[in-house]
Amino acid sequence: MPVVTLPDGSQREYPAAVSVAEVAASIGAGLAKAALAGRVNDRVVDTSYLINEDAALAIITDKDPEGLEVIRHSTAHLLAQAVKRLYPTAQVTIGPVIEQGFYYDFAFGRSFTPEDLIEIEAEMTRIVAENYPVSREELSRDEAIAFFRNLGEEYKAKIIEDIPANETLSLYRQGEFVDLCRGPHVPHTGRLKAFKLTKVAGAYWRGDSKNEMLQRIYGTAWPDKKALDAYLERIAEAEKRDHRLLAKRLDLYHIQPEAPGEIFWHPKGWRLVNVLREYLRNVQQDAGYEEINTPLLVDEVLWQQSGHKAKFGNEMFSVSSENHTYLIKPMSCPCHIQIFKDQLRSYRDLPIRYAEFGHCHRSEPSGTLHGLMRVRGFVQDDGHIFCTEEQIQEEVLGFIDQLHRVYRDLGFTHLNYKLSTRPENRVGSEEVWDKAEQALAAALDARGLNWQLQPGEGAFYGPKIEFSMPDCLGREWQCGTIQVDFSMPERLGAYYISEQGDKKPPVMLHRAILGTFERFLGILIEQHAGKFPLWLAPTQVAVMTIASRHDEYAHNLTKSMKNKGLRVNLDLRNEKIGFKIREHTLQYVPYLVVIGDKELEQGTVSVRTLAGKELGSLPLDQLIEQLVAEVNRKGHDLED
RNA sequence: GCCGGAGUAGCUCAGUCGGUAGAGCAACUGAUUCGUAAUCAGUAGGUCGUGUGUUCGAUUCACAUCUCCGGCACCA
């Protein structure tokens with residue numbers, strides 16, 4: 001006599017074991033129709049699940065996040081069924097739900113083409129129309145292995161072999177198709193109404209590049225057509241923010257085949273870089289850093305000592321001259337240590353903070369290059385803090401605060417925090433790694449930040465906090481970082497004299513706020529969709545004349561504004577004012593100044609904002625004052 | 001690096017089932033001196049990513065190669 005407790009607290013008693021679907025039906029026909037799954041005592045189960053003792057139950061529909069997940073998971077099965085019908089030699093492997101959709105990996109003799117996707121999708125629609133019930137059955141592990149071997153599904157059998165022998169596995173059957181799966185799934189294939197296959201790609205079996213490559217098909221699925229269309233439109237909109245497109249339109253940089261992964265910065269893009277650089281100089285100066293500069297080419301001997309050569313030799317560019325091989329620096333830390341150890345340091349000197357806008361190169365694999373986000377030549381806002389163990393906590397906290405200030409100034413409100421811990425390939429003792437990892441975790445906790453652990457993802461010399469942000473399509477990129485390093489100073493023979501008079505290696509903190517100017521600007525462009533706040537905008541003001549008799553006046557006021565440090569573009573072309581307004585608007589210039597007879601007579605300027613708001617005529621001095629104030633405010637709200 | 005897709009004028013794209021290519025915008029020239037998102041007319045512009053092969057003939061077919069795009073693996 002199970003008693004079922006519903007989310008509103010009400011209870012229903014049933015004479016015998018009852019399925020989730022039957023409970024839903026006993027509540028109402030609408031709910032029975034909408035039920036996709038059930039949550040029984042916090043476990044998500046099929047609607048066919050039998051409740052035989054007292055339990056809490058929530059009926060899951062497509063309004064619940066779990067419901068959407070079930071839909072996507074079942075759509076992955078639907079995809080696999082369609083593929084098996086059309087291409088019987090394809091073998092199924094795994095088909096998980098991912099953010100916004102799902103994928104399924106197949107082992108198949110050839111690649112799927114975009115044309116195949118259309119046919120597969122049509123077959124999926126057919127299977128939906130055939131409306132098969134989705135049923136669950138259980139098998140022992142060994143039975144399951146035999147079952148899939150018998151079907152010729154070698155990959156599935158291999159997956160099951162990795163599962164402990166005593167476990168019972170569940171299979172899901174819909175029509176002729178059977179797949180190993182934990183579930184739960186929708187009750188009928190007819191419940192899958194809105195899906196789209198989005199792309200094909202290769203993917204390594206078990207995620208290991210030593211293994212063969214499988215064929216992965218990605219798709220997305222939603223409760224109804226409207227939600228699917230809304231999603232597709234959202235993606236299309238997001239793509240318009242892509243920094244690669246905007247940068248072309250705004251004339252910021254280009255890349256060409258002779259220098260893959262290297263940026264040709266155009267004047268306007270370089271202005272952005274310089275604005276950021278000057279801003280960071282000030283921030284770092286305030287935080288007690290001294291700016292230094294170190295060589296681009298350094299003898300490979302140093303990289304051997306530091307450990308870089310052994311771990312990352314393949315990714316470093318090299319240059320030979322006379323009898324030496326020089327490696328182009330992939331980072332600046334060993335060089336900073338050279339400056340530290342160039343004189344005898346005392347504990348009284350610590351912490352020593354060095355900063356460098358370090359121009360580095362890394363020979364990144366060709367397939368990874370991506371606009372400004374992943375390049376081979378870049379400038380890091382690199383910095384190293386040499387300190388004692390006791391000073392670590394304070395320095396890490398100070399850095400996090402400093403980073404937050406910068407990100408806020410630049411218009412970011414949200415970033416993701418990750419703690420990456422010891423990788424397999426590493427230097428330093430376990431004890432030292434323990435200390436370093438704990439120090440970073442403690443700092444994150446001290447600031448009350450929500451962070452995610454990434455085991456094994458740390459640098460070879462130490463763990464790191466990663467500060468990352470998503471691009472316009474949701475791909476995450478690491479920007480800022482701080483890393484604790486107990487090893488490299490000692491490897492390179494850097495010491496200070498402690499209070500007790502003995503030589504000790506300093507702790508080294510590697511840190512970057514932006515990470516690299518290139519990647520950060522990519523994110524920044526997408527964040528603002530190319531419409532930069534005044535203090536960052538490459539061109540802040542466009543001055544345009546109505547007729548050539550206004551040229552001299554326009555020249556003079558442009559000069560006055562430039563003298564106040566504003567970046568002004570003077571447009572004297574013989575074009576109609578509407579044409580000029582349009583062009584500068586499309587270039588996202590924040591302030592447009594129009595000069596005609598009226599302004600000439602009154603000694604004023606007519607001002608219009610990028611958003612199309614007319615500020616009317618005002619004296620030049622007043623405009624300059626307003627703009628300079630806005631620049632200094634760094635775009636923080638006018639209201640506060 | 002691996003799998004797949006793509007590369008035609010400065011940009012966005014059309015086209016050629018093998019007979020050396022076309023539009024819009026931009027550029028240039030001329031006219032227009034104009035008040036808040038496109039003034040009009042004309043001109044010029046391409047060894048169809050690169051190389052090799054097949055062919056009477058290749059931008060089109062084949063092979064190789066480079067770069068870009070989407071994933072995968074990588075990311076100090």
Side-chain angles (χ1 to χ4, degrees), chain A residues 103 105 108 110-114 116-117 198-218 242 244-245 248-249 251 254-261 303 306-316 329-334 360 362-371 373-374 380 420 423 425-427 457-462 464 466 473 475 477-478 481 483 485 488 510 519 544-551 572-586 592-599 606-610 612-614 617:
Chain A
Y103 66 79
D105 286 348
F108 191 38
R110 63 171 177 89
S111 299
F112 293 111
T113 64
D116 293 336
L117 284 200
T198 50
K199 54 197 168 197
V200 278
Y204 296 108
W205 163 239
R206 295 193 154 144
D208 188 333
S209 59
K210 290 197 271 300
N211 291 339
E212 68 272 32
M213 192 158 257
L214 307 173
Q215 298 302 318
R216 176 171 297 179
I217 298 178
Y218 284 93
D242 191 313
R244 292 165 301 184
L245 301 179
K248 187 176 276 185
R249 192 153 76 65
D251 192 20
H254 84 269
I255 300 176
Q256 64 189 47
E258 291 80 358
W303 302 106
S306 70
H308 288 85
K309 185 80 201 287
K311 299 283 192 278
F312 304 103
N314 290 341
E315 279 112 77
M316 293 160 80
K329 72 174 170 186
M331 53 178 50
S332 300
C333 38
C360 302
R362 296 178 191 176
S363 178
E364 301 282 357
S366 55
T368 66
L369 302 179
H370 186 96
M373 303 298 196
R374 186 92 179 260
Q380 287 185 314
S420 295
N425 269 330
R426 59 176 182 265
V427 295
E457 299 286 314
F460 76 90
Y461 51 72
K464 59 179 178 177
E466 294 178 27
L473 292 179
R475 297 173 283 216
W477 300 93
Q478 180 197 309
T481 183
Q483 316 176 353
D485 180 355
M488 208 184 290
H510 306 242
R519 178 177 290 179
M544 53 204 102
T545 49
I546 301 282
S548 50
R549 62 180 173 280
H550 311 122
D551 289 4
L572 301 179
R573 289 177 302 170
N574 178 16
E575 296 287 353
K576 293 171 97 167
I577 197 66
F579 179 86
K580 295 188 187 182
I581 298 255
R582 178 182 155 82
E583 286 215 333
H584 297 292
T585 299
L586 290 174
L592 307 181
V593 168
V594 175
I595 303 301
D597 288 338
K598 201 175 96 193
E599 288 72 28
S606 170
V607 184
R608 170 190 167 113
T609 67
L610 176 56
K613 196 171 149 201
E614 301 278 352
S617 286

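Labels below follow one simple rule: chain letters A, B, ... track the order of the sequence lines, proteins then strands, and each chain is numbered from 1.
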Determine the contact category for A:Tyr218: base if any of its heavy atoms lies under 4.0 Å from a base atom, sugar-phosphate if only primed atoms, P, OP1 or OP2 are that close, otherwise nothing. sugar-phosphate
Distance between P atoms of B:A27 and B:G10 (Å, rounded): 14 Å
Using atom P of each nucleotide, how far apart are B:A41 and B:U60 to the nearest Å? 38 Å
Sticking with atom P, work out how far B:U8 lies from B:U50, rounded to a whole angstrom. 10 Å
Taking Watson-Crick (N1-N3 plus N6-O4 or O6-N4) and G-U wobble (N1-O2, O6-N3), each under 3.5 Å, can you produce the dot-bracket string of RNA chain B? Use [ ] for crossing pairs and | for inter-strand ones. (((((((..((((.....[..)))).(((((.......))))).....(((((..]....))))))))))))....
Can you check the distance between B:A76 and B:C3, where both ends of the measurement are the P atom (answer in whole Å)? 25 Å
Once you apply a heavy-atom cut-off of 4.0 Å, does A:Lys210 come out as touching a base, just sugar-phosphate, or nothing? nothing
Using a cut-off of 4.0 Å on non-hydrogen atoms, how would the nucleic acid contact of A:Arg549 be classed: base, sugar-phosphate, or nothing? sugar-phosphate
Pairing of A:Arg206 and A:Asp208 as salt bridge, 4.0 angstrom limit: no
Reckon A:Thr545 touches a base, only the sugar-phosphate, or nothing at all at heavy-atom distances under 4.0 Å? nothing
Walking along RNA chain B from 5' to 3', note the first and the last nucleotide with an atom under 4.0 Å from a heavy atom of chain A, and give both. B:G1 to B:A76
Minimum-distance pair of heavy atoms, taken over all atoms of A:Asp485 and A:His510: OD2-NE2, 2.8 Å
Both A:Ser209 and A:Leu369 contact RNA chain B. Taking the nearest nucleotide for each, which residue is further toward the 5' end? A:Leu369
When all nucleic acid strands are considered with a 4.0 Å heavy-atom cut-off, which category describes A:Arg249: base, sugar-phosphate, or nothing? nothing
Mind checking the C1' distance from B:U29 to B:G45? Whole angstroms is fine. 14 Å
Once you apply a heavy-atom cut-off of 4.0 Å, does A:Phe579 come out as touching a base, just sugar-phosphate, or nothing? sugar-phosphate
Between B:G51 and B:C66 - P atom distance, rounded Å: 15 Å
Test A:Glu583 against every option in A:Arg249, A:Lys576, A:Arg573 by the salt bridge (charged side-chain N to carboxylate O under 4.0 Å, His left out) rule and name the one that passes. A:Arg573
For a quick check of understanding: with a heavy-atom distance under 4.0 Å over all strands, which category does A:Gly578 fall into, base, sugar-phosphate or nothing? sugar-phosphate
Mind checking if A:Leu586 touches a base, just sugar-phosphate, or nothing, with heavy atoms under 4.0 Å? base
Gap in Å between the two P atoms, one belonging to B:A9 and one to B:U32, rounded: 36 Å
Do A:Glu575 and A:Arg582 have side chains that approach each other closer than 4.5 Å (heavy atoms only, starting at C-beta)? no
Heavy atoms only, 4.0 Å cut-off, all strands: where does A:Gln215 land among base, sugar-phosphate and nothing? sugar-phosphate
Regarding A:Glu315, tell me which of base, sugar-phosphate or nothing describes its non-hydrogen contacts under 4.0 Å with the strands shown. base
With a non-hydrogen cut-off below 4.0 angstrom, is A:Lys311 in contact with a base, only sugar-phosphate, or nothing? nothing
Counting the atoms with a prime plus P, OP1 and OP2 as sugar-phosphate, which does A:Ile546 contact under 4.0 Å by heavy atoms, base, sugar-phosphate, or nothing? base
Taking the side chain as every heavy atom from C-beta outward, state whether A:Thr585 and A:Leu610 have any pair of such atoms under 4.5 Å apart. yes
Do the side chain of A:Arg374 and the main chain of A:Leu369 share a donor and acceptor less than 3.5 angstrom apart? no
Which whole number of Å gives the distance between the C1' atom of B:A23 and that of B:U16? 16 Å
From A:Tyr204 OH over to A:Lys210 NZ, what is the distance, rounded to the nearest 0.5 angstrom? 11.0 Å
Can you tell me if A:Arg216 uses its side chain to pair, donor with acceptor, with the backbone of A:Ala201 under 3.5 Å? no
5'-most by nearest nucleotide on RNA chain B - A:Asp208 or A:Pro260: A:Pro260
Results of ring pair (Phe, Tyr, Trp, His ring centres under 6.0 Å) for A:Phe108 - residues two or more places apart only: A:Tyr87, A:Phe112
Applying a 4.0 Å non-hydrogen cut-off, can you work out what A:Ser111 is touching in the nucleic acid: base, sugar-phosphate, or nothing? sugar-phosphate
Under 4.0 Å between any heavy atoms, over every strand shown, what does A:Glu599 touch: base, sugar-phosphate, or nothing? Just pick one. base
Heavy-atom distance under 4.5 Å between the side chains of A:Lys248 and A:His254, does that happen here? no
Parallel, tilted or perpendicular, as decided by the 30° and 60° cut-offs, for the rings of A:Phe460 and A:Phe312: tilted
